[in-house]
Amino acid sequence: MNQIFTPPAPAASLDIDVLRSVVEIAETGSMTVAAERVGRTPAALSMQLKKLEETLGRALFTRNRQGMSPTSEGHKLLVYARKMVDLNRAALDAFRGPALSGEITIGTTDDLGYQQLANVLAGFAQSHCGVTVNVVMGQSTALATSFDKGTLDMTLLSPGCAVGRRDSDITLHRETLVWMGAEGGCAKSRTPLPVAVANSGCAWRRQVIEALTRSGREYRVAYVSDFDAALQAAISADLAVAALPESRLGPGLVPLSGAAGLPDPGESEIVLRVGQNPSPAVMALSEHIAESYHRLR
């Protein structure tokens with residue numbers, strides 16, 4: 001029997017902690033995982049959600065074997081919930097200790113989702129307007145070298161064969177590398193296999209090449225670029241296949257892993273590397289980045 005809801009009362013209000021829980025449930029698809037993230041029990045989270053649904057007069061989630069998924073009304077609430085949670089965090093940050101100032105230089109690569117980082121930095125700028133953040137783009141190897149020379153305060157990297165991972169690195173994201181080809185294309189069947197890769201400084205290039213070599217698959221490097229858009233264009237044009245993070249699958253591209261006799265290319269990882277004895281501004285930005293990526297997982 002369907003539950004009957006009534007519209008929210010004129011004096012109704014939304015609790016920011018409950019909205020934070022709603023965001024975590026939506027992002028994880030699990031009441032148990034969401035409860036761990038917000039420091040509550042699943043039972044307490046379930047009660048929060050039930051009361052919120054009663055307040056709004058709408059069902060916000062459906063439950064199935066795959067987990068919990070937002071309803072259309074749940075998606076509507078999430079638009080406001082994310083904004084309110086971010087605004088609440090920014091307001092609190094504005095009153096935490098003395099105002100921060102200074103200049104920070106952070107490195108990143110094109111394949112680490114620059115737009116996503118830009119959104120993260122925009123959130124930091126809202127609550128720390130006295131801090132100037134400069135962004136330098138390059139390959140992981142070049143960024144790691146610049147960091148060690150002291151020209152970068154922090155940098156995002158993709159550890160791999162080309163760049164070693166350090167114990168102090170902060171893991172932000174892990175993702176499976178997937179072989180991709182053009183939809184309906186024949187590059188995957190050519191011999192030698194045409195492969196699109198980044199330049200030699202790319203953290204993934206060497207592990208992909210080594211995987212092909214170990215498997216005995218005959219290949220040739222047919223396309224080289226350090227830019228994701230260029231690699232995806234080469235794949236879409238059926239000039240080559242490539243192993244990229246799964247999230248890069250887009251229109252016109254299809255996964256090839258498990259087919260065409262291609263070896264497992266492994267996984268990609270994004271880490272944040274911060275120098276020793278960071279300034280208060282650098283520490284604040286590193287914490288903001290780590291928290292932001294945690295919420296995006």
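Note that this is a predicted model, so its numbers are computed, not measured.
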Looking at side-chain heavy atoms only, is the closest gap between M154 and L285 below 4.5 Å? yes

CG on L87 to CD on Q126, rounded to 0.5 Å: 8.0 Å

Should K76 and E73 count as an ion pair when the cut-off is N to O under 4.0 Å? yes

Flag the pair K51 and D17 as a salt bridge only when some basic side-chain nitrogen lies within less than 4.0 angstrom of an acidic carboxylate oxygen. no

Would V135 and I289 show up in the same hydrophobic cluster when neighbours are defined by side-chain heavy atoms closer than 4.5 Å? yes

Establish whether V23 and V33 are linked, either directly or via other cluster members, by ILVMFWY side-chain heavy-atom contacts under 4.5 Å. no

Would the distance check show the side chain of S268 and the main-chain N or O of E175 forming a donor-acceptor pair, the cut-off being under 3.5 Å? yes

Distance (rounded to the nearest 0.5 Å) between S140 OG and R273 CZ: 9.0 Å

Decide yes or no for P194 and R220: does some side-chain heavy atom of the first lie under 4.5 Å from some side-chain heavy atom of the second? yes

Test item: D148 side-chain N/O and T145 main-chain N/O as donor-acceptor pair under 3.5 Å: no

Gap separating the NE2 atom of H128 from the CG atom of L121, nearest 0.5 angstrom: 12.5 Å

For side chain to side chain contact (heavy atoms under 4.5 Å, CB included), just list the numbers for M31 and S46, CA-CA rounded to whole Å, side-chain angles, deciding distance to a tenth of an Å, and then say yes or no. CA-CA 7 Å; M31 186 74 75; S46 181; 4.2 Å; yes

Decide whether V136 and V271 are clustered together by the hydrophobic rule: side chain heavy atoms of Ile, Leu, Val, Met, Phe, Trp, Tyr closer than 4.5 Å, transitively. yes

Can you find a pair of side-chain heavy atoms, one from L14 and one from L56, that are under 4.5 Å apart? yes

Minimum heavy-atom distance F61-V22, with the two atoms named: CZ-O, 3.7 Å

Between W179 (side chain only) and D264 (backbone N and O only), is there a donor and an acceptor less than 3.5 Å apart? no

Taking A59's backbone N and O only, do any of them form a donor-acceptor pair with T71's side chain (distance below 3.5 Å, no angle check)? yes

For E269 and S158, which I'm curious about, is there any donor-acceptor pair between the side chains at under 3.5 Å? no

Heavy-atom donor-acceptor pair, T176 side chain to E267 backbone, under 3.5 Å: no

With rounding to the nearest 0.5 Å, note down the distance linking CE in M137 to CG in L156. 11.0 Å

With the 4.5 Å side-chain cut-off for hydrophobic clustering, are I16 and I25 part of the same group? yes

Any side-chain heavy atom of L52 sitting closer than 4.5 Å to one from L60? yes

Would you say the side chains of S21 and Q48 form a donor-acceptor pair under 3.5 Å? yes

So, taking the atom named CD in E218 and the one named OG1 in T213, what distance separates them when rounded to the nearest 0.5 Å? 11.5 Å

Please give me the minimum heavy-atom distance between L262 and L256, naming the atom from each residue. CD1-CB, 3.8 Å

Salt bridge present between E27 and R82 (N-O < 4.0 angstrom): yes

Minimal heavy-atom distance between P265 and A211, with the atoms involved, is CA-CB, 4.5 Å

same_hphob_cluster(V221, L193) at 4.5 Å side-chain heavy-atom cutoff: yes

Taking every non-hydrogen atom, the tightest pair across D86 and R89: OD1-NH1, 3.0 Å

Backbone N or O of V120 within a donor-acceptor pair of the H288 side chain at under 3.5 Å? yes

If you define the side chain from C-beta out and look only at heavy atoms, does anything of R37 sit under 4.5 Å from L45? no

Work out which heavy atom in A182 is nearest to a heavy atom in V254; give both atom names and the distance. O-CG2, 3.9 Å

To the closest 0.5 Å, what do you measure between CG (L272) and CD1 (I106)? 6.0 Å

With heavy-atom distances below 4.5 Å as the criterion, would you say the side chains of L253 and E183 are in contact? no

Please determine whether side chain to side chain contact (heavy atoms under 4.5 Å, CB included) holds for the pair S69 and N64, giving the CA-CA distance in whole Å, both sets of side-chain angles, and the decisive distance to 0.1 Å. CA-CA 8 Å; S69 302; N64 50 50; 4.2 Å; yes

Taking it one step at a time, do E291 and E287 satisfy side chain to side chain contact (heavy atoms under 4.5 Å, CB included)? CA-CA 6 Å; E291 181 181 355; E287 292 175 351; over 6 Å; no

Short N-O contact, R206 and E210, less than 4.0 angstrom: yes

Would E103 and V131 count as a side chain to side chain contact (heavy atoms under 4.5 Å, CB included) if you check the C-alpha gap in whole Å, the side-chain angles of each, and the deciding distance to 0.1 Å? CA-CA 6 Å; E103 189 169 332; V131 179; over 6 Å; no

Please name the pair of heavy atoms, one in L143 and one in G107, separated by the smallest distance, quoted to 0.1 Å. CD2-CA, 3.9 Å

Working for salt bridge (Lys or Arg N to Asp or Glu O under 4.0 Å), residues K188 and D238: CA-CA 9 Å; K188 65 180 181 293; D238 202 30; over 6 Å; no

Taking the side chain as everything from C-beta on, heavy atoms only, tell me whether L77 gets closer than 4.5 Å to L19. yes

Tell me, do D153 and P278 make a side-chain contact under 4.5 Å, heavy atoms counted? no

